[in-house]
Structures are given as structure tokens and as C-alpha cells.
Amino acid sequence: LTDKVSNIILSGPPGVGKTTLVEIISTYTRAVMIKLNAVLIGIKDLKNQIVLAQERWKKSKRKTIIFIDEVHRFTSSQQDALLPSIENGTITFIGATTENPSLSVNKALISRSRVFILQPLNETDLKKVLNRVIAFYKGLEKPLEIKIEKDAIDHLINYSSGDARNLINAL
């Protein structure tokens, strides 16, 4: 494992696994993952995290990945504030958006990132999610007995519209 994560933008509708992919990356990297929500932070907060990333690198040689959920909600100046640190390697950037990144993320940030478009989950994927959730609850110390008929499964999958989060919440 070389532990090299590039700058990434994950785009897709809600519930397709954008944040889950970031959690998986976080598990398999030596880098420190800082998770931020674009709605809740400003440029000052961002610059503070960048300073901490510089200090972390100097002290421990650990890289910092800054994950920004709902990156489409960042203003242009907030997005621009990331660029120097991405350019000089102080941080690795991962953004998640439900919007089309070419319309909602500035071109400078896109040009420095790999963009992955995630699609809604299909029926087979949603059935796997449903079965895993049911197996999880059956495997608890105090297991829940979940009995669900095929018509109910079909209804839940149809209701979820390709969104695993909606499916799990509806179950």
C-alpha cells in the first residue's frame, strides 16, 4: 500500500455512498481525515485546519485529507482558499456534492481533482443493502426478529428511488 490519495470530487444523488466511500478511505489511509460540512464552516475555519495540517506534517509526517461535504455550498472565495494548499501538497482535498460539479464547483478546483459520478443504486444493490441491515439486526446481542414479505421488500426498494439511506430509514 502506497497510501496515496489524490484530490477527489464525489458527485451523485443522496444515499449512493459518497460519505461511505470517504469513511472507507479514512480507514485505509495513514493520513488524518478532517471532515467538514460546507454549510457550517467559513474561510477562517478552513485556514485554521490548513495551519494544523502544516503543523501535523512538520511534527509527524502525517498527511491531512480535508473532506468537505456539500462542497457545492462553498462560495467561490471559500473554494479558492483551498487552492494554494492543494497546489503545495499541504492537504489532499475530497469533496462530496449532490450537484453537477461542473456547474457548482469552480474550474480551478475541478482541474486539480478526479471527479467520480455515482449513480443511484439499482434493485440488486438495494436488496443487498436490505439483507445486510436485516442480518445486522439479527446478529445483535439481543437480536430483532425481522420478517418481511417479498411485496414489502419490493415496495421499500421502489420507495427508496435508488437511495440506500431512504431504504434503511423506511425499513
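Considering OG1 of T64 and CE of M33, their distance stands at 10.5 Å, rounded to 0.5 Å. Atom CD1 of I68 and atom CD1 of I34 lie 11.0 Å apart (nearest 0.5 Å). With rounding to the nearest 0.5 angstrom, the CG atom of D69 is 11.5 Å from the CD1 atom of I94. Here Q79 contributes atom CD and I43 contributes atom CD1; the two are 10.5 Å apart, rounded to the nearest 0.5 Å. K47 NZ to L82 CG: the interatomic distance, rounded to the nearest 0.5 Å, is 10.5 Å. Rounding to the nearest 0.5 Å places CG of L10 at 8.5 Å from OG1 of T19.
Note on I25 and V115: separate hydrophobic clusters, where clusters join Ile, Leu, Val, Met, Phe, Trp and Tyr whose side-chain heavy atoms are under 4.5 Å apart, directly or indirectly. Following chains of ILVMFWY side-chain contacts shorter than 4.5 Å, one can reach I157 starting from Y137, so the two form part of one hydrophobic cluster. Put simply, L36 and V22 are part of two different groups of oily side chains (I, L, V, M, F, W, Y) that touch within less than 4.5 Å, one to the next. Residues I117 and I110 share a single hydrophobic cluster, defined by chaining ILVMFWY side chains whose heavy atoms lie under 4.5 Å apart. In the hydrophobic clustering of ILVMFWY residues, with side-chain heavy atoms under 4.5 Å counting as a link, I66 and V105 come out together.
Neither side chain, R114 nor S6, offers a donor N or O lying under 3.5 Å from an acceptor on the other. Between the side chains of D163 and S161, no donor-acceptor pair of N or O atoms lies under 3.5 Å.
Annotation for R56: atom CZ counts as buried by contact number, over 12 foreign heavy atoms lying within 6.0 Å.
With a 4.5 Å cut-off on side-chain heavy atoms, V32 and L52 do not count as touching. Between L21 and F116, the closest side-chain pair of non-hydrogen atoms is not below 4.5 Å. Considering only heavy atoms from C-beta on, F93 comes within 4.5 Å of I9 through its side chain. Between K18 and V16, the closest side-chain pair of non-hydrogen atoms falls below 4.5 Å.
For the pair I91 and A53, the tightest heavy-atom approach, listed with the atom from each and the gap, is CG2-CB, 3.9 Å. Closest of all the heavy-atom pairs between S26 and K35 is OG-NZ, 4.4 Å. When every heavy atom of R73 is checked against every heavy atom of A38, the shortest pair comes out as CB-CB, 4.1 Å. Of all heavy-atom pairs between L167 and L126, the closest is CD2-O, 3.3 Å. A pairwise comparison of heavy atoms in A108 and S111 identifies O-OG, 2.9 Å as the closest pair.
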* **From CA spacing to verdict: side-chain contact (heavy atoms from CB on, under 4.5 Å), F74, L46** => CA-CA 11 Å; F74 256 11; L46 200 52; 3.9 Å; yes
* Tell me, with the steps shown, if H72 and T98 meet side-chain contact (heavy atoms from CB on, under 4.5 Å). => CA-CA 8 Å; H72 62 277; T98 55; 3.7 Å; yes
* Could you please spell out the steps behind the side-chain contact (heavy atoms from CB on, under 4.5 Å) verdict for L171 and I168? => CA-CA 5 Å; L171 176 64; I168 292 166; 5.7 Å; no
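Under a 3.5 Å cut-off, the side chain of R62 and the backbone N or O of R30 do form a donor-acceptor pair. At distances below 3.5 Å, at least one donor-acceptor pair connects side-chain atoms of Q78 with backbone N or O atoms of I41. Side chain of E99 to backbone of S104: no donor-acceptor contact under 3.5 angstrom is found. The closest donor-acceptor contact from the side chain of S113 to the backbone of L109 lies under 3.5 Å.
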Acceptor/donor pairs from residues 139-152 side chains to any protein atom, 3.5 angstrom cut, sequence neighbours excluded:
| unit_1 | atom_1 | unit_2 | atom_2 | d |
| --- | --- | --- | --- | --- |
| K150 | NZ | D154 | OD1 | 3.4 |
| K150 | NZ | D154 | OD2 | 2.8 |

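Residues passing the side chain to side chain contact (heavy atoms under 4.5 Å, CB included) test with D125 are L121, N122, sequence neighbours excluded.
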